[in-house]
Amino acid sequence: MRKGDQVKRKVNSEANEKLDSAYKQYYKTLYHFCCLKLKNEEQTEDCVQESFCVLYEHLLKGEEIKNVGGFLYKIANNLVKVQWRKNQKEQNILQWDSMAEILISEQIIIQQNVDYDELAKKLISTLDEKEIELYKKKYIEAKSIKEISEELEISSPAVAKRLSRLRKKIKDLISIEFEGGE
């Protein structure tokens, strides 16, 4: 066995031991810290996992980290900030996107003097079961993305993406109805 391989194995072994120790010591408090800020279980898990991955990368490089807890919290805090900004951006985009689509749709409906109930029935008949369920939860029951994600047991970003696709599909269907319909 070459000396370089022995050094790598020793570094890997030490890194694994330090990671295990840090995980046992800081996981719960780091998870709680991220959860308080993000209020989303899946995003919290991602931030905590990524924090430990960054720690492990530094340990594998042979870097000595004197304050492991402080290091983990600093990494986690930065990841939380990035995720929070991303959540805010997605929320703003969804709000503006939704507002614009609704205004466009209402304008078309008013200009064409359309029977809203008949249009709604046509649109809903083109949706699959999952889309209908999502539509009802968001627009009829007026539930938040967080509430929907908890009920459907999927992440909030996944719900937001599905809602975005659903709005686009409805908008496209309305456009088709008035451009080539009747």
Legend entry - Under the side-chain hydrogen bond (donor to acceptor under 3.5 Å, both in side chains) test, residues paired with Thr44 that sit two or more places apart: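 Here no residue qualifies.
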
Measuring only between side-chain heavy atoms, which start at C-beta, is [X] closer than 4.5 Å to [Y]?
X: Lys18; Y: Val68; value: no
X: Leu55; Y: Tyr23; value: no
X: Glu42; Y: Pro157; value: no
X: Gln83; Y: Asp46; value: no

Can you list everything that forms a side chain to side chain contact (heavy atoms under 4.5 Å, CB included) with [X]? Sequence neighbours excluded, please.
X: Glu150; answer: Lys146
X: Lys169; answer: Leu127, Glu131, Leu173
X: Glu17; answer: Ser13
X: Glu133; answer: Lys137, Leu152

Inset, instruction - Using the side-chain contact (heavy atoms from CB on, under 4.5 Å) rule, pick out the option among Asn40, Asn77, Leu79 that qualifies with Cys47. - result: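 So the option named by the test is Leu79.
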
Anything under 3.5 Å between a donor and an acceptor, one on a side chain of residues 24-39, the other on a protein residue two or more places apart or in another chain? List them.
residue	atom	partner	partner atom	Å
Tyr27	OH	Glu45	OE2	3.1
Thr29	OG1	Tyr26	O	3.2
Thr29	OG1	Tyr73	OH	2.8
Lys39	NZ	Leu36	O	2.9

Inset, instruction - Please report the shortest heavy-atom distance between Leu60 and Ala15, naming the atom on each side. - result: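 Scanning both residues completely, I find the closest heavy atoms to be CD2-CB, 3.8 Å.
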
Legend entry - Exercise: identify the closest heavy-atom pair between Ile65 and Phe71: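 Minimum heavy-atom contact is CG2-CB, 3.8 Å.
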
So how far is it from [X] [atom1] to [Y] [atom2], rounded to the nearest 0.5 Å?
X: Tyr56; Y: Asp20; atom1: OH; atom2: CG; answer: 9.0 Å
X: Lys136; Y: Lys143; atom1: NZ; atom2: NZ; answer: 12.0 Å
X: Arg165; Y: Leu163; atom1: CZ; atom2: CG; answer: 11.0 Å
X: Glu57; Y: Cys53; atom1: CD; atom2: SG; answer: 7.0 Å
X: Lys61; Y: Leu59; atom1: NZ; atom2: CG; answer: 11.0 Å

Inset, instruction - Indicate if Val82 and Val80 have the same hydrophobic cluster label, given that clusters are the connected sets of ILVMFWY residues with side-chain heavy-atom separations under 4.5 angstrom. - result: no

Inset, instruction - Evaluate the side-chain contact (heavy atoms from CB on, under 4.5 Å) criterion for residues Val159 and Leu134: first the C-alpha distance (whole Å), next the side-chain angles of each, then the deciding distance (0.1 Å), finally the verdict. - result: CA-CA 8 Å; Val159 171; Leu134 188 60; 4.3 Å; yes

Inset, instruction - Go through the structure and list residues passing salt bridge (charged side-chain N to carboxylate O under 4.0 Å, His left out) with Glu50, not counting sequence neighbours. - result: none

